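Only one structure is covered here, and it is reproduced in the block below.
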2 protein chains.
Amino acid sequence: MSSSSSGSAPQAKRGNTRQRIQDVALELFAEQGYEKTSLREIAERLDVTKAALYYHFKTKEDIIISVFEDSTRPIDELIEWAQGQPRTLETKREVLRRYSEAMASGAQLYRFMQENQATMRELSIGETVKKRLFTLVELLRTEEGPLADQVRCVSALFTLHAGMMFLQHVEGDPEETRQAALEVATDLITRAHQAQ
Amino acid sequence: MSSSSSGSAPQAKRGNTRQRIQDVALELFAEQGYEKTSLREIAERLDVTKAALYYHFKTKEDIIISVFEDSTRPIDELIEWAQGQPRTLETKREVLRRYSEAMASGAQLYRFMQENQATMRELSIGETVKKRLFTLVELLRTEEGPLADQVRCVSALFTLHAGMMFLQHVEGDPEETRQAALEVATDLITRAHQAQ
DNA sequence: GTCTATACTCCGATAGAC
DNA sequence: GTCTATCGGAGTATAGAC
């Protein structure tokens, strides 16, 4: 998240057009869905023409892919870090903590991914997301434990998503809700870990 | 779920066209997403023309709405039943059990709703789904409990979804996985209930 | 680095014949 | 109940001027 997202008065600054396209596109994609957002709409918001978009990105798909790649590096780093750690409960807790933080700071993108799964699945990045989710579950999971404990690990991740996406619309302080979701998720993996 | 879903050989039977449109449409919507599925495609699968669809349904949106309304009655009945029950732990367990069953027998529709949230939000049924979800959470929830316990109730529902959608692709027996998810979900609301 | 102008495809939807 | 034919519009994308 960098700039110009909320204002409807795009600066005439030059040279940062690519970044501005990414910002506006993500905002609209998250708001209305990927397919329902047209390039014309993105161009209008930036006060440029459709053709200008094609100077910076080869296709519509390229825009979302570039946003995705720029914004999900924290998760890749998290996975890389975790794979070099001992598979202790504390490591797992740290994974959830950092995942929750990454979601909070990239909220728009995560909302987009959550609400446009059908689209994601057909985009080239869909496979990447799926693999990463599996890897994360792998890192949280107890090997050979009962099925219910494996479900707990998946559920822990989904709880973080649920906390971000669903509860946000109901309760008061988003940060408080995030912490509550993190608590529940941590609780879930703790039980799964101890049942080992 | 009625007929002709899996076969690629549509019967030339007449009089059940409306039903066949619903079946094929849901299948394609769930597979490819709502926006990416065109009426032409649906018509081709049924070996009729686009115009024929318009005899049975006023718009594309009407198709998915009709499927939705025909298939989600079990949930409405569940809510109605639960609202007439005392808010005991056993009632809550029964809610989860029946919700899980409803999801299993309407898997395609639930997959569609899960993966096309952005679309759902702009469809007239989106609001209905959201309200129903809130009502269900309300029924599971402990009044005035700590935030974490409220998250547990939401998380319980999401766990059932996670079990259906995510784990299905990994593990062996779907029914076994469903039971495991139900177990974890029940566990979550039990903790929330007892903390009351 | 951005714009004008344009091409082409496909979509959802309608009118009217059979 | 299904067809042919067609509409208006939007979408992605390109060529070429400035």
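In what follows, every chain begins at residue 1, and chains take the letters A, B, ... in the order their sequences are listed. Fair warning: this is a prediction, and the values are worked out from it, not measured in the lab.
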Practice task
Kindly state which residues belonging to residues 55-67 of chain A come within less than 4.0 angstrom of DNA chain D, counting heavy atoms of the residue only, listed by number.
Solution key: A/T59, A/K60
For atom [atom1] of [X] and atom [atom2] of [N], their distance in whole Å:
X	N	atom1	atom2	value
A/K50	C/dA7	NZ	C1'	11 Å
B/N16	D/dG1	CG	P	11 Å
A/Q19	C/dG1	CD	P	15 Å
A/L46	C/dG1	CG	P	16 Å
A/I42	D/dA10	CD1	P	16 Å
B/K36	D/dT12	NZ	C1'	13 Å
B/L39	D/dC7	CG	P	20 Å
A/L53	D/dA10	CG	P	17 Å

Problem - Short side-chain N/O contact to D/dA10 OP1/OP2 from A/R40, under 4.0 Å - result: no
Problem - D/dT2 phosphate, OP1 or OP2, under 4.0 Å from B/T17 side-chain N/O - result: yes
Exercise for the section: Fit a plane to each ring of A/H161 and A/Y99, take the angle between them on a 0 to 90° scale, and name the class: parallel (under 30°), tilted (30 to 60°) or perpendicular (over 60°). Expected result: tilted
Problem - Note, B/L140 side chain near B/L96 side chain (heavy atom, < 4.5 Å) - result: yes
Problem - Sub-4.5 Å side-chain heavy-atom contact between A/T190 and A/R93 - result: yes
Problem - Other residues, nucleotides, ligands: >12 heavy atoms within 6.0 Å of A/E80 CD - result: no
Exercise for the section: Name all residues meeting the salt bridge (charged side-chain N to carboxylate O under 4.0 Å, His left out) criterion together with B/R98; count only those two or more places apart in sequence or in a different chain, and write none if there are none. Expected result: none
Exercise for the section: Classify the nucleic acid contact of B/T37 as base, sugar-phosphate or nothing, counting any heavy atom under 4.0 Å across all strands shown. Expected result: sugar-phosphate
Exercise for the section: Determine the contact category for B/S38: base if any of its heavy atoms lies under 4.0 Å from a base atom, sugar-phosphate if only primed atoms, P, OP1 or OP2 are that close, otherwise nothing. Expected result: sugar-phosphate
Problem - ring-ring contact (aromatic ring centres under 6.0 Å, His included) contacts in which one or both residues fall within residues 35-68 of chain B, not counting sequence neighbours - result: none
Exercise for the section: Mind jotting down which residue pairs meet the side-chain hydrogen bond (donor to acceptor under 3.5 Å, both in side chains) criterion with at least one end in residues 176-188 of chain A? Sequence neighbours excluded, please. Expected result: A/S100-A/R178, A/E175-A/R178, A/E175-A/Q179, A/D187-B/R152, A/D187-B/R191
Problem - Under the side chain to side chain contact (heavy atoms under 4.5 Å, CB included) test, residues paired with A/E115 that sit two or more places apart - result: A/R111, B/Q117, B/A118, B/R121
Practice task
Assert yes or no for the condition that the ring centre distance of B/F29 to B/Y34 is strictly below 6.0 Å.
Solution key: yes
Problem - Selection from D/dC3, C/dA13, D/dA13 that lies nearest to any side-chain heavy atom of B/Y54 - result: C/dA13
Problem - Given D/dC3, C/dT14, C/dG1, the nucleotide with the shortest approach to the side chain of B/A52 - result: D/dC3
Tabulate atom names and distances for all N/O pairs under 3.5 angstrom spanning the protein and nucleotides 15-18 of chain D.
none

